[in-house]
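Working notes, beginning with the structure itself.
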Amino acid sequence: MTEKKYYITTPIYYVNGSPHIGSALTTLCCDTLSRYHRMRGEKTWFLTGTDEQATKVYEAAEKVGKSPKEFVDALAEEFKSAWRNLHIENDDFIRTTEPRHVRGVQEFFSRLRDSGDIYRGMYEGWYCVSDETFFRDTDVQEDHLCPNAECRKPLRRVQEENYFFRLSAYAEPLLRHIEENPDFLQPDFRRNEVISFIQQGMRDMSVTRANNGWGIPVADEPDKVIYVWFDALINYVTAAGWPDDMARFQELWPADTHLMAKEIFVRFHATLWPAMLMALKLPLPKQVYAHGWWVGSSGQKEGKRTGGLPHPSEFSAEIAQLTGASKDIAVDSLRYLLLREMQFHGDSEFNYDNFLRRYNTDLANDLGNFCNRTCNMVGRYFDGTTPDGTVDPEISGLGAEVLADYDNALKEFRFNGALEAVWRLVSRMNRYVEEKKPWTLAKKGEMAELASTLRTCLEAIRVMATFLHPVMPFASRSLLEQIGADHIQTFEWRDASNWNLLNPGAKLPEPQPVFPRIQDTKSDEPAKGGSSVKQEKKLSEEIIKPVQKEESPETTATAESETITIEDFMKIQLRIADILAAEPIPNATKLLKLTVRIGEETRTILAGIAEMYQPDELIGKQIAVVANLKPRKMKGIESQGMLLAADVEGQAILLHPETKVPSGSRVR
RNA sequence: GGCGGAGUAGCUCAGUGGUUAGAGCGAACGGCUCAUAAUCGUUAGGUCGUCGGUUCAAGUCCGACCUCCGCUACCA
């Protein structure tokens, strides 16, 4: 029992299609950490799974004409195979439809109901089916659409008796725990967000819903199902054996790391979940860690979070195609690129070209080519057998520094920092070869020096492979094969500080590039070798769809060179209007509500100019408006026209007549 | 509205109050030949968001402002 164990989890993923790059990132980070800890001799347990009890599942299954069970079975399989394809090696995969979970959730619920932490109450208000969330009257506008900006679906008015979890009672204990355990919530700035969230007051939470045929029923009240988030979080303990296999549970719990993306940190993993555990008097997880998102290239601010990002399987397939590398090498390369390019704690911009460039520079040119040139020289000067000799102490010394930096970086989940450290060794080794000039040593017949030099290079490749194994489990094996180190069966962290592991005389295979280069795409030979060039261009445009170009005034003018007739233009009734009143619109940052007079007529016009103009300064001004535009409702108010303004980098500049003119004057 | 973060080279980012502000990539030039148009070297390129203050000394500390971002609220 004194054996150190490391229990790490991803969130369970909502089954709505194959995994996108975000869930792949979380899972990849966990996999890398899990492999790293295992290499260090710890007993690791890496859990992931699927969240299958949401009401939405029922509706989605209906839509495709499947039973919910068939539907989730298929999707769970899709997740499992996607993870296999990403070289993810999880120890357990929990589905919330499994008996071990369902039973555990019901037990969890019953115990809290017995203890009074879950109590009966009447709920009346608005409910969003899609988000499975209740909203207070004050949260809802008169349009009765979901306040969640990314949802905006119609709400249902519901009145039902529900159970509530006494979340409010745990605000103080939670704050105390957070304060006493600074490492509990990470990173720091997100912990602070949690603290202010709790301090603003946490309300008790409705944790049941009416049973509509899907979800985990309350044990003795089958007309109610348990709220999907309440159910989902419990997977971390049911997968560990709670409540039936307490021996196993004692061994695994508390989890060492819950890792997840930032959007489910504050409200769920950093508050609700610990409160639930406190209520049940179970130990809290040691660490809850949130990472940022991959976001599309700039210009894409709202809406689509993952819309423009490639699916991991597509991207690795493209790498394989561009390089000619095997699928396994391509997948490992993607793993490297994702972890190297990511700023773990914040958001990172996903830039396709940067990814490809880094593949070439880091993997093909620096690491791959170093391995290849070393093996070629061993082939040429030592007939392809591992030479004996003394490893240069300067190089092994650098290896020790890299090891320390790597360990420190991973402690803080800075994957990019760990990899950067490894590449210090990689570039040192390329320089080392240049300094030692093995080809000159060979000509001069200085074979002892030559042997030591190449042995140093070979050991360095082995150490690099060890460092890289958590990130590139397959490619690290390929590196070992290249240097004829097949006798090393398993990767162990202690081998990273041992610089004398290769067997002299061991035979190397014929050298093969481990990371084939992406052919130069910049050479402008459109006819020749065009396939890869075209291929890459196509990828940039198709995989990263939202290439939202900022349209400058000139490009707009020239791009829209299509002409219209005078009749077309005359269809638009442009008129001069007097602004009678202007006021801001609640809950809107850009919109102003203008009351204008066009001749004898008074109208309401909404305009997105609040960031540029104060209401006061507009009153009395004359503006040009489109008078015969179809009315449109925004924020529950009908806008009866559109004003004209110059668009300067997204900012509206109003047009005014040069001198005062009669209201309603035609503009042409 | 409140709290927090960020703004440094063409790009991505480092930078404990202390010489001429750094790295990688990209660019230009040169060397080498073991290697995957590879690699090694050199060079160019920055009024460190703006203004003011503290200090012998400010990218770094303080204040104000601008821009972007995150969390959160209020809002019939």
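Labels below follow one simple rule: chain letters A, B, ... track the order of the sequence lines, proteins then strands, and each chain is numbered from 1. From a predicted model like this one, the values you see are computed outputs, not experimental measurements.
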- [ ] With RNA chain B as reference, determine whether A:Asn354 or A:Asp347 sits nearer its 5' end, using the nearest nucleotide of each.
- [x] A:Asn354

Task: Given B:U36, B:A73, B:C71, the nucleotide with the shortest approach to the side chain of A:Asn372 - done: B:U36

Open item on the list: Are A:Cys457 and A:Phe370 packed together at the side-chain level, in the sense that at least one heavy-atom pair is separated by less than 4.5 angstrom?
Closed with: yes

Open item on the list: Please report the distance, rounded to the nearest Å, between OH in A:Tyr359 and P in B:U36.
Closed with: 14 Å

Open item on the list: For A:Glu179, is the CD atom crowded, meaning more than 12 foreign heavy atoms sit under 6.0 Å from it?
Closed with: no

Open item on the list: Looking at A:Asn365, I'd like to know whether one of its side-chain N or O atoms comes within less than 4.0 Å of OP1 or OP2 on B:U39.
Closed with: yes

TODO: Tell me what A:Ser196 touches on the nucleic acid: a base, only sugar-phosphate, or nothing, going by heavy atoms under 4.0 Å.
DONE: nothing

Task: Given B:U72, B:U36, B:C34, the nucleotide with the shortest approach to the side chain of A:Val433 - done: B:C34

TODO: With heavy atoms under 4.0 Å as the rule, sort A:Pro516 into base, sugar-phosphate or nothing.
DONE: base

Task: Listed nucleotide nearest any side-chain atom of A:Asn430, set B:A73, B:U39, B:C71 - done: B:U39

- [ ] Please tell me which of the listed nucleotides, B:U72, B:U39, B:U36, lies nearest to the side chain of A:Arg373?
- [x] B:U39

Task: Selected nucleotide, minimal atom distance to A:Ala364 side chain, candidates B:U39, B:U36, B:G70 - done: B:U36

TODO: Taking all non-hydrogen atoms of both residues into account, name the closest pair between A:Pro516 and A:Gly324 and its distance.
DONE: CG-C, 4.3 Å

TODO: Choose from B:U72, B:U39, B:G41 the nucleotide whose nearest atom is closest to any side-chain atom of A:Gln200.
DONE: B:U72

Open item on the list: Tell me the interatomic distance from A:Asn351, atom CG, to B:C25, atom P, rounded to whole angstroms.
Closed with: 17 Å

TODO: Nearest-nucleotide wise, let me know which of A:Lys437 and A:Phe189 is further upstream toward the 5' end of RNA chain B.
DONE: A:Phe189

Open item on the list: Roughly how many Å apart are B:U54 and B:U60, using the C1' atom of each and rounding to a whole number?
Closed with: 14 Å

Open item on the list: Counting only side-chain heavy atoms from C-beta out, which of B:U36, B:C25, B:C40 sits nearest to A:Thr361?
Closed with: B:C25

Task: More than 12 heavy atoms from other groups under 6.0 Å of CZ on A:Arg203 - done: no

TODO: Consider the side chain of A:Arg431, meaning its heavy atoms from C-beta on, and name the nucleotide among B:U72, B:C71, B:G41 that approaches it most closely.
DONE: B:G41

Open item on the list: Say we look at B:A21 and B:A9: how far apart would their C1' atoms be, to the nearest angstrom?
Closed with: 11 Å

Task: Between B:U33 and B:U50 - P atom distance, rounded Å - done: 49 Å

Open item on the list: Measuring only the P atom in each nucleotide, how far is B:U20 from B:C48? A whole number of Å is fine.
Closed with: 14 Å

Task: Euclidean distance, atom CZ of residue A:Phe355 to atom P of B:G24 [Å, nearest integer] - done: 21 Å

Open item on the list: Is the shortest side-chain heavy-atom distance between A:Asn416 and A:Glu341 below 4.5 Å?
Closed with: no

Task: Whole-Å gap separating P (B:G24) and CD (A:Glu420) - done: 10 Å

Task: Any A:Arg340 side-chain N or O less than 4.0 Å from OP1/OP2 of B:G24 - done: no

- [ ] For A:Arg190, answer base if it contacts any base atom (sugar-phosphate contacts may also be present), sugar-phosphate if it contacts only those atoms, and nothing otherwise; contact means non-hydrogen atoms under 4.0 Å.
- [x] sugar-phosphate

Task: Distance in angstrom units between A:Arg414 CZ and B:A14 P, rounded - done: 11 Å

- [ ] Report which part of the nucleic acid A:Phe515 touches: base, sugar-phosphate, or nothing (heavy-atom distance under 4.0 Å, all strands).
- [x] base

Open item on the list: With a 4.0 Å cut-off on N to O distance, would you call A:Glu459 and A:Arg455 a salt bridge?
Closed with: yes

Open item on the list: Is there a side-chain contact between A:Arg191 and the phosphate of B:G4, meaning an N or O under 4.0 Å from OP1 or OP2?
Closed with: no

- [ ] Rounded to the nearest 0.5 Å, what's the gap from CD1 on A:Ile195 to CG on A:Leu175? Could you check?
- [x] 7.0 Å

- [ ] Side chain of A:Glu434 only, please: which of B:C71, B:C34, B:C11 is the nearest?
- [x] B:C34

- [ ] Answer yes if the side chains of A:Asn430 and A:Arg373 hold a donor-acceptor pair under 3.5 Å, and no otherwise.
- [x] yes

Task: Rounded distance in Å - CD (A:Gln343) to C1' (B:U12) - done: 8 Å

Open item on the list: Taking B:G49 as the reference, what is the distance to B:C34 when you measure between their P atoms (whole Å, please)?
Closed with: 49 Å

Open item on the list: Can you check the distance between B:G2 and B:G59, where both ends of the measurement are the C1' atom (answer in whole Å)?
Closed with: 29 Å

Open item on the list: Distance check, P atoms only: B:U12 and B:U72, in whole angstrom units.
Closed with: 27 Å

Task: Paired stretches of RNA chain B - 3 or more consecutive Watson-Crick or G-U pairs, each distance under 3.5 Å - done: B:1-7 with B:66-72, B:10-13 with B:22-25, B:27-31 with B:39-43, B:49-53 with B:61-65

Task: Separation between the C1' atoms of B:A44 and B:G30, rounded to whole Å - done: 14 Å

Task: Nearest-Å distance for atom pair CG/C1', residues A:Leu337 and B:C25 - done: 14 Å

Task: Residues A:Ser168 and A:Asp204: side-chain donor-acceptor under 3.5 angstrom - done: yes

Open item on the list: Between A:Trp293 (side chain only) and A:Ser348 (backbone N and O only), is there a donor and an acceptor less than 3.5 Å apart?
Closed with: no

TODO: Taking only the side-chain heavy atoms of A:Arg357 (C-beta and beyond), determine which of B:C34, B:U12, B:C25 contains the nearest atom.
DONE: B:C25

- [ ] Round to the nearest Å and state the distance from A:Ile264 atom CD1 to B:C71 atom P.
- [x] 14 Å

